[in-house]
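In what follows, a structure is listed as structure tokens, so that the remarks can point back to it.
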Amino acid sequence: RLVTDGDGVVRWRHLHDRAELREFCVELVTRLEPLLDRLVLPYRFEGPTRFKVALTVPYLDGSPVPIHLAGEMDLLVHRADGRVIWDLKGTKDDQYWRKVLGQLVFYDVANLIATGTRPVLVGLIQPMCPEPVLEWTLTDDHRRAMQARIVAMCTDIWNEDRACKEGTAGCGWCVVRHACDRYTTPAGATPAARNTASLGGALRAAAVTGTGAAA
């Protein structure tokens with residue numbers, strides 16, 4: 001069943017999914033409230049915060065060219081010792097952080113470009129996990145690695161290297177699936193040709209930048 005409320009489309013997975021999700025959300029916000037009381041509300045904060053910042057990277061011939069990093073941070077907290085970037089997760093998977101740490105590094109890089117100063121830490125607020133709060137103090141090595149990945153992605157785009165990751169894990173909820181060659185049938189092709197079409201770089205962009213994007 002599909003439900004459209006003006007802010008997207010909800011796909012219920014089974015008959016009881018809506019009731020189970022409501023129960024999950026009630027428990028999540030109940031656990032979330034004391035975390036926000038401790039980590040966010042005592043300070044000045046912003047959120048959600050959209051951003052679009054310029055970064056200069058080398059083009060194929062080595063000449064400098066500007067690109068833009070764009071995305072949205074859940075919470076930007078201004079403490080006395082500096083800024084803290086928090087991302088909210090509704091997962092129960094206590095290993096989920098391994099998949100999204102790059103997302104936090106991306107936010108850190110964007111915030112550094114925008115302000116000229118480094119956030120004091122980044123972290124996840126994940127109320128449904130055994131460890132509801134995870135924090136990292138990022139280093140310049142983290143930032144250099146992320147910028148190298150951004151440059152590599154840009155280079156692939158300019159070279160029209162559209163190779164995609166192996167397998168389709170995660171494709172079902174990918175926000176750029178509509179732009180991926182894997183799921184776009186070329187004009188005049190049969191539906192079966194979809195599976196043999198060249199694979200798009202859009203998924204790669206999502207993997208590199210998390211919910212942000214480089215363009």
Minimum heavy-atom separation for [X] to [Y], with atom names?
X: Y183; Y: C171; answer: OH-CB, 3.1 Å
X: T91; Y: M128; answer: O-CB, 3.5 Å
X: P127; Y: P132; answer: CA-CB, 4.2 Å
X: V133; Y: L35; answer: CG2-CD2, 4.0 Å
X: Y43; Y: R38; answer: CE1-O, 4.2 Å

Verdict with supporting geometry, V109 and L69, side-chain contact (heavy atoms from CB on, under 4.5 Å): CA-CA 9 Å; V109 169; L69 309 182; 4.2 Å; yes
Check against side-chain contact (heavy atoms from CB on, under 4.5 Å), L75 and E46: CA-CA 6 Å; L75 281 169; E46 305 169 45; over 6 Å; no
Can you check whether [X] reaches [Y] side chain to side chain, under 4.5 Å on heavy atoms?
X: R118; Y: N111; value: no
X: D93; Y: R98; value: no
X: H68; Y: V53; value: no
X: K89; Y: I125; value: no
X: I150; Y: F106; value: yes

Test log, rule side-chain contact (heavy atoms from CB on, under 4.5 Å), inputs T168 and R182: CA-CA 9 Å; T168 59; R182 175 177 281 172; 3.3 Å; yes
Donor-acceptor contact below 3.5 Å, side chain [X] vs main chain [Y]:
X: D74; Y: W86; answer: no
X: K165; Y: A169; answer: yes
X: Q126; Y: E131; answer: yes
X: D108; Y: L104; answer: no

Chi angles and distances behind the side-chain contact (heavy atoms from CB on, under 4.5 Å) call for Q103, D87: CA-CA 9 Å; Q103 177 183 347; D87 199 61; 3.4 Å; yes
Partners passing salt bridge (charged side-chain N to carboxylate O under 4.0 Å, His left out) against E33 (at least two apart in sequence or in another chain): none
Between T117 and R83, a side-chain donor and acceptor under 3.5 Å: yes
Residue pair Q147 / R144, side-chain donor-acceptor N/O under 3.5 Å: no
Is it the case that over 12 heavy atoms from other parts of the model lie below 6.0 angstrom from the [atom1] atom of [X]?
X: H14; atom1: NE2; value: yes
X: E20; atom1: CD; value: yes
X: Q95; atom1: CD; value: yes

side-chain contact (heavy atoms from CB on, under 4.5 Å) against T30, all qualifying residues, sequence neighbours excluded: V26
Ring geometry between Y107 and F51 (parallel below 30°, tilted from 30 to 60°, perpendicular above 60°): perpendicular
In residues 57-65, what donor-acceptor pairs under 3.5 Å come from side-chain atoms, sequence neighbours left out?
| unit_1 | atom_1 | unit_2 | atom_2 | d |
| --- | --- | --- | --- | --- |
| D61 | OD1 | S63 | N | 3.0 |
| D61 | OD1 | S63 | OG | 2.6 |

